[in-house]
Structures are given as structure tokens and as C-alpha cells.
Amino acid sequence: MFASCSHPALLQVSLPPKPPQLQLYSHSPPLLSFKTLSCINSSFQAPSQYPPSTTNTTTTTTSYNHLIQSLCKQGNLKQALHLLPQEPKPTQRTYEALILACTHRNARPYGPIVHHHLIDNGFDQDPFLSTKLIDMYSQFSSLDDARDVFDKTHVKTIFVWNALLKALALADEAEEALFLFQEMGRAGVPPDSFTYSHALKACIASSSHPSLAFDRVRQIHGHIFRHGFESTIYVATTLVDCYAKLGYVLYSQRVFDRMLERNVVSWSAMIACYAKNERPLDALELFREMMLRDHDAIPNAVTMVSVLQACAGLAALGQGRLIHAYVLRRGLDSIIPVVNALIAMYAKCGSLGTAYRVFDGMNGRRDVVSWNSMISGYGIYGFGVKAIRVFEAMIRSGTSPSPITFVSVLGACSHAGLVKEGKRLFESMVREHGITPRSEHYACMVDLLGRAGRLHEAARIIEGMRIEPGPTVWGSLLGACRIHGHIELAERACVRLFELEPMNAGNYVLLADIYAEAKMWEEVSRVKKLLESRGLQKVPGCSWIEVKKKMYSFVSVDEMNPQMEQLHALLARLVKEMKDKGYVPDTKVVLYDLDQEEKERILLGHSEKLAVAFGLINSGGGEVIRITKNLRLCEDCHSVTKFISKFAKREILVRDVNRFHHFKDGVCSCLDYW
DNA sequence: CTAGGGTTAG
């Protein structure tokens with residue numbers, strides 16, 4: 001029925017210049033009556049605030065207005081505007097429909113027309129319409145117009161204030177928004193839960209300096225607490241989200257725990273908080289708790305996206321599959337972000353084939369993110385050429401690439417050592433796709449060149465940057481220095497890194513690594529002291545493996561693991577066998593100045609080797625052993641795993657922080673380039 | 001009559 005509604009004869013009448021359309025309508029018998037049209041329009045509401053005086057015209061006014069509203073709902077703005085009659089007058093509802101249609105369809109050119117029309121008809125002081133207008137201009141990102149509407153509305157209801165506050169917060173105008181918030185206080189308008197939500201969002205907008213953002217959130221939080229809004233579900237949820245986005249998991253937790261009442265959104269916000277802040281296990285546990293304890297909170301698409309993200313973080317393929325089944329059962333697979341999250345989950349859980357099948361199944365319903373997910377999927381497996389093919393298919397399909405597309409495809413080139421292709425893509429990003437390179441893109445290029453050993457070329461890229469190089473750029477350079485043992489450039493990178501992110505322990509460790517490899521032990525201990533003096537410590541290596549839907553994790557020194565002795569024995573046996581075949585332990589990765597034997601012992605305790613041994617013992621012969629590690633794979637573990645894959649005739653798939661290593665028959669898919 | 005949670009990269 002709705003489909004036929006775009007074809008009724010009366011709507012097909014083409015519009016001559018300034019025609020008496022109204023006449024046309026009343027003279028040609030309509031296929032669909034006004035009444036029918038109104039009924040189709042689900043949110044039909046009765047007019048009106050300004051009823052015409054005579055009963056005779058009432059029908060006409062109402063009918064015209066209904067028709068305009070219906071047209072708006074269908075997005076036929078042009079025709080709706082043509083219908084705006086001089087007499088009888090449009091009502092508040094009519095304008096509301098028109099403004100909403102402009103906002104919703106992002107119809108920039110029509111907005112001001114409606115606005116002027118409404119002013120001409122004396123609605124310029126209507127606070128309700130002002131609210132909608134502010135929303136509309138905010139959608140068009142014309143903040144000046146939004147502010148203008150605000151200024152000219154004399155009777156400022158709280159809605160009007162909140163609308164402008166929201167507009168400023170959405171536009172990342174933190175200072176302006178917070179100023180408005182204070183202004184509200186001065187004007188004696190008591191904030192409501194909307195006000196607080198928007199003000200909190202505005203604080204996040206100032207996250208160019210995260211500690212400033214945090215201070216602001218805390219200040220508003222205090223305000224909220226004092227005015228008794230902390231347990232208001234919307235406000236509390238926003239607080240949880242704000243602290244989560246700034247990385248303060250404990251603060252989110254505290255607000256969440258104190259909530260008197262929760263709904264799906266609050267649960268989802270907390271789950272997302274864990275998923276985003278590297279606490280995937282907590283995310284899954286909270287999801288379980290929600291399912292068990294709160295039967296009124298039915299997980300929706302948004303919830304599932306975070307849950308899938310958590311599965312991806314853990315590389316929990318078994319869990320991920322269960323969640324996928326649930327998604328299908330609930331019909332949530334019609335929601336594109338959910339499907340995108342599925343693609344990413346399968347790719348990160350070591351099931352690239354399934355990721356591709358899901359992607360393939362989207363056929364025609366893909367958005368940029370779907371493409372990006374698939375590209376980065378191929379990238380982390382080292383399939384650079386395939387990633388480029390997908391990128392090209394994306395362009396052919398008419399989807400315009402986003403900045404993230406290039407981070408993904410350049411990353412893929414980098415993992416695969418495709419220097420020439422990477423350079424070409426970087427060029428095309430700027431020239432053909434008009435994307436200004438950001439720090440991340442330079443970081444990709446530095447990584448691409450640096451990994452390939454072209455360190456000076458990489459350094460020149462940094463020198464040629466027209467924006468301030470972010471920590472990722474220097475980090476890439478440092479990483480390359482680690483691979484190729486370049487002390488001077490590493491020191492240069494660290495000067496900047498220690499200043500830009502003094503609390504990132506990884507940088508200190510990398511530098512110490514580089515010194516250790518050059519046997520510069522004094523420098524090693526100097527860096528270690530610096531690390532400790534800042535209250536930091538080396539992130540311990542950790543590896544985990546999923547066996548029969550349960551997770552087993554390993555760290556190098558672990559007296560709690562009942563199988564430890566067995567694991568060590570197995571490894572010792574394997575290593576002995578490997579030494580006979582020419583394996584030489586790569587002790588340069590040990591950061592201490594110890595004797596050879598001691599170093600070898602430390603090497604054997606690396607968590608990844610333990611996980612491999614555990615996998616060998618506890619999984620069936622035909623299965624692929626899938627292991628995940630929180631750091632980069634060390635050279636020694638890499639060569640040992642190659643040996644094991646051959647001796648034990650087992651495929652081993654290891655995901656480290658950056659990418660996958662697929663070991664088979666003594667060879668790794670990265671071809672020792674990583 | 002407005003509002004709170006989400007997808008891709010590093």
C-alpha cells in the first residue's frame with residue numbers, strides 16, 4: 001500500500017511554474033484521499049494550534065496541512081513547499097513537518113525557505129519551532145544560523161537552551177557549549193537531565209587535551225550529584241559513557257554500580273566501556289550478567305556490536321560463533337554495523353574464510369566500514385595483494401574510501417612489504433580521493449618504509465610532514481629501528497615519544513631492546529631506571545588459547561598452572577630435538593646481561609611457547625592451534641614455532657598485537673617479515 | 001515536542 005502511494009496520479013502531475021496546484025487537486029479525483037494519506041502516515045497527529053475561524057475553511061486547512069505533512073514524510077519536500085498556501089494559514093504542525101523533513105533528509109537548500117516562510121507567517125517567536133530550527137541548522141552544521149534562531153527567540157524554554165547546547169556539543173564546540181551551560185545558570189534556568197547529558201558530551205569534545213576533558217566531566221559530575229541527578233538513567237548512562245571514552249573504567253564502574261535502575265542502554269554503555277578499554281573478558285562477563293539478571297533488558301544491535309568486539313579482542317572464536325547464532329536468531333543480522341562487527345570478529349579470531357563469507361553475503365548492502373573491515377582483515381594475515389584487490393573492488397562499486405580505508409590498505413601493504421604499491425596508494429589518496437593525510441597515514445608510510453629497512457627514507461617522510469607528527473608516527477619509526485637495529489634514529493624518536501606519551505611503557509622497552517641488542521648494557525639500565533622512576537613497568541607478555549570454549553592464559557612465571565611442569569618438559573624435549581636439526585636459541589631478545597644458559601632458560605618460559613605446548617597436549621591432532629598474544633612475537637618464539645609446526649605436523653595460527661602468523665610445515669605466512 | 005549505548009585503523 002505504501003508503495004502505491006508514491007505513484008498516485010495526483011502526485012505525478014508535473015509542476016508548471018506557479019500553478020494553481022490546489023485547484024488541480026480538488027478537481028482531479030484523487031486515487032488516495034487526504035484521509036487515506038493521513039492514515040498511511042503513521043505519526044499523524046491532529047492539528048492544530050491555530051485553527052481558522054470558520055468551519056468551512058477548517059476542512060480545507062486541515063486537509064492541506066495533512067497533505068503537506070504526508071508529502072514531507074515521503075520526502076517530497078519540493079512539492080510540499082509548492083503547496084504551502086498563503087491562505088488558509090499553515091499551522092505549527094505544518095512547519096514542524098517541513099522542518100523535520102529538511103533535517104531528516106539533510107535538505108540544505110530548503111531549510112532557509114521554510115524558515116523565512118515561517119517568519120512571514122508570524123511563527124518566529126514560537127519556541128517549539130525554534131527548537132526544531134536549531135536542530136535543523138545543527139544538522140546542516142550551520143551553527144551561526146542555529147545561534148541566530150536562539151538569540152531571536154525571546155521566550156527561551158528549556159528546550160530551546162538544550163537544543164543549542166546539543167548543537168554546540170555535537171559540533172565539538174566544547175568551550176562555547178560549556179559557556180552556554182554557565183549562561184543557563186546565570187539566567188536562572190535550572191538544568192534538566194537533557195542539559196546534563198549534552199554538557200557532558202561537550203566535555204568529551206575538548207578531548208584534544210584528555211586531562212582537561214576529564215576535569216570538566218568531573219566538575220559537571222559534581223554538579224549533577226549535588227542536584228540529585230546522578231541516578232537519573234539518562235544522565236548516569238552518559239556519565240558511564242564519558243568516563244569510558246576518556247579511559248577511566250573505574251569511574252564508569254562506580255556510576256554504573258550506583259544506578260538504581262538500568263536498561264539495555266546503560267548495560268550496553270558499560271559493556272562498551274570494557275570492550276573499548278581492553279577489558280574484553282569483563283565485557284563478556286557483564287553481558288552474561290545482564291542476560292541472567294535483567295530479563296527486561298533485551299540486548300539489541302548496539303549491545304551485540306560491543307559483545308562481538310569483545311570476542312574479537314579475546315580472539316574467542318567459540319564465543320563469537322555462539323554470539324553469531326544469537327544474532328541470527330534475533331534477526332539482528334539485518335543491521336549493517338552488526339554484520340560489520342561480525343566480519344571484524346571472524347577476521348580477528350583467525351577465521352578469515354568465515355569473515356569473507358559474511359562479507360560476501362552482504363552483497364549490495366555494504367558500507368565503507370564493511371569494506372574497511374575486509375581490507376584490514378586481509379591485511380593482518382599478510383595478504384597485501386588481496387587487500388588491494390578488495391580496495392579496488394570497493395572503488396569500482398562506487399563506495400568512496402574514508403581515511404580509515406587508507407590506514408587499512410596501507411597497513412596491509414606494510415605487513416606484506418608492498419612498498420611500491422603503498423606509495424602509489426598514498427599518492428592516490430591525496431590526488432584522486434582528496435583525503436588530506438593525517439598523522440595515522442604518515443605513520444603507515446613510516447612503518448611501510450621502515451619495516452622494509454628504508455629508515456632514512458622513513459625519517460625524511462617525517463621531516464616533510466606538514467602537520468605535527470603524532471606519537472604513532474614516532475612509534476612506527478621506533479618500531480622499525482627495533483627491527484633493523486638503528487640506534488641513532490631510535491634515540492631521536494624517543495626524545496619526542498618520551499615527551500608526547502611519557503606513560504607509555506612500550507617505548508622505553510623498545511629502546512632498551514635496541515640497546516640490549518647492541519650490548520650497550522649501561523644504556524639499557526639507564527632506560528630501565530627511567531621507566532621505573534616514572535612508576536611504570538614492562539607490560540608482561542601474555543598468551544592465551546581457547547580450548548573447548550574455555551580460555552587458558554599463560555604468563556612466563558606462573559606457579560599456579562598445574563600443567564606447568566608438563567609444559568616445560570615437552571618444550572625441553574622439543575628444543576633438544578630442534579637443536580639437533582640446527583636450531584640456535586635467539587637470546588638477543590633477552591633484556592638482561594646474563595650467561596647463555598640462563599638466557600635460554602628465560603626464553604623457554606616465554607608465554608607463547610607455553611601456549612603452543614598446551615595446545616599440542618590439549619587439542620585434537622587435526623585442529624589448528626590458535627594462539628593470541630598481547631605483544632609482538634619475539635624472534636625466538638617465531639623460529640621455535642616454525643620448527644614445532646613441522647615436527648608436530650600441526651598448523652599453528654598466532655595472532656600478535658599487529659598481525660597473524662600462520663605456521664605450517666616449518667614456514668610462517670609472514671615469510672619472516674613482520 | 002528534545003535525550004543516553006554501536007561498526008572499521010593504529
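A, B, ... follow the sequence lines: proteins, then strands. Residue 1 opens every chain.
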Of the listed nucleotides dG6(B), dG10(B), dG5(B), the one nearest the side chain of Val264(A): dG5(B)
Validation row, ring centre Phe287(A) to ring centre Trp267(A) under 6.0 Å: no
Distance-only donor-acceptor test, Asn658(A) side-chain atoms vs dG10(B) base atoms, 3.5 Å: no
For atom CD1 of Ile404(A) and atom P of dT8(B), their distance in whole Å: 9 Å
Touch class at under 4.0 angstrom, heavy-atom based, for Ala275(A) against every strand present: nothing
Closest nucleotide among dG5(B), dT8(B), dA3(B) to the His198(A) side chain: dA3(B)
Touch class at under 4.0 angstrom, heavy-atom based, for Ile343(A) against every strand present: nothing
Shortest side-chain distance from Lys201(A), nucleotide among dG6(B), dA9(B), dG5(B): dG5(B)
Proximity to the side chain of Pro337(A) - top-ranked nucleotide from dA9(B), dG6(B), dG5(B): dG6(B)
Donor-acceptor side-chain pairing of Glu230(A) and His221(A) below 3.5 angstrom: yes
Leu352(A) CG - dT8(B) C1' separation (whole Å): 15 Å
Presence of Lys166(A) side-chain N/O under 4.0 Å of dG4(B) phosphate oxygens OP1/OP2: no
hbond_proxy Ser268(A) side chain to dG5(B) base (donor-acceptor, 3.5 Å cutoff): yes
Sugar-phosphate, base or nothing in reach of Thr472(A), heavy atoms under 4.0 Å: nothing
Between dA9(B) (P) and Tyr381(A) (OH): distance, integer Å: 12 Å
Sugar-phosphate only, base, or nothing, as touched by Ile158(A) at under 4.0 Å among non-hydrogen atoms: nothing
Sugar-phosphate, base or nothing in reach of Thr303(A), heavy atoms under 4.0 Å: base
Separation of atom CE in Met290(A) from atom C1' in dG5(B), rounded to whole Å: 11 Å
Sugar-phosphate, base or nothing in reach of Asn263(A), heavy atoms under 4.0 Å: base
Any side-chain donor near an acceptor of the partner, Gln309(A) and Tyr274(A), under 3.5 Å: no
Stacking of Trp267(A) on dG5(B) base (centres under 5.5 Å, planes under 30°): no
Distance in angstrom units between Leu246(A) CG and dG5(B) C1', rounded: 16 Å
Sugar-phosphate only, base, or nothing, as touched by Ser373(A) at under 4.0 Å among non-hydrogen atoms: sugar-phosphate
Nearest non-hydrogen partners of Phe391(A) and His433(A), listed with the distance: CZ-NE2, 4.4 Å
Touch class at under 4.0 angstrom, heavy-atom based, for Asp241(A) against every strand present: sugar-phosphate
Carboxylate-amine/guanidinium contact Arg496(A) Glu468(A), below 4.0 Å: yes
Donor + acceptor pair across side chains of Tyr248(A), Asn277(A) (<3.5 Å): no
Nearest listed nucleotide, side chain of Val265(A), among dG5(B), dA3(B), dT8(B): dG5(B)
Separation of dG10(B) P from Glu501(A) CD (nearest whole Å): 16 Å
Under 3.5 Å side-chain donor-acceptor pair for Thr405(A) and Ser402(A): yes
His415(A)-Tyr673(A) side chain donor-acceptor pair, cut-off 3.5 Å: no
DNA chain B-proximal residues of residues 406-415 of chain A, any heavy atom under 4.0 Å: Val407(A), Ser408(A)
Pair Arg93(A) + Glu96(A), salt bridge at N-O below 4.0 Å: yes
Integer-rounded Å distance: dG6(B) C1' and Asn340(A) CG: 11 Å
Residue-phosphate contact under 4.0 Å: Lys245(A) side-chain N/O, dG6(B) OP1/OP2: yes
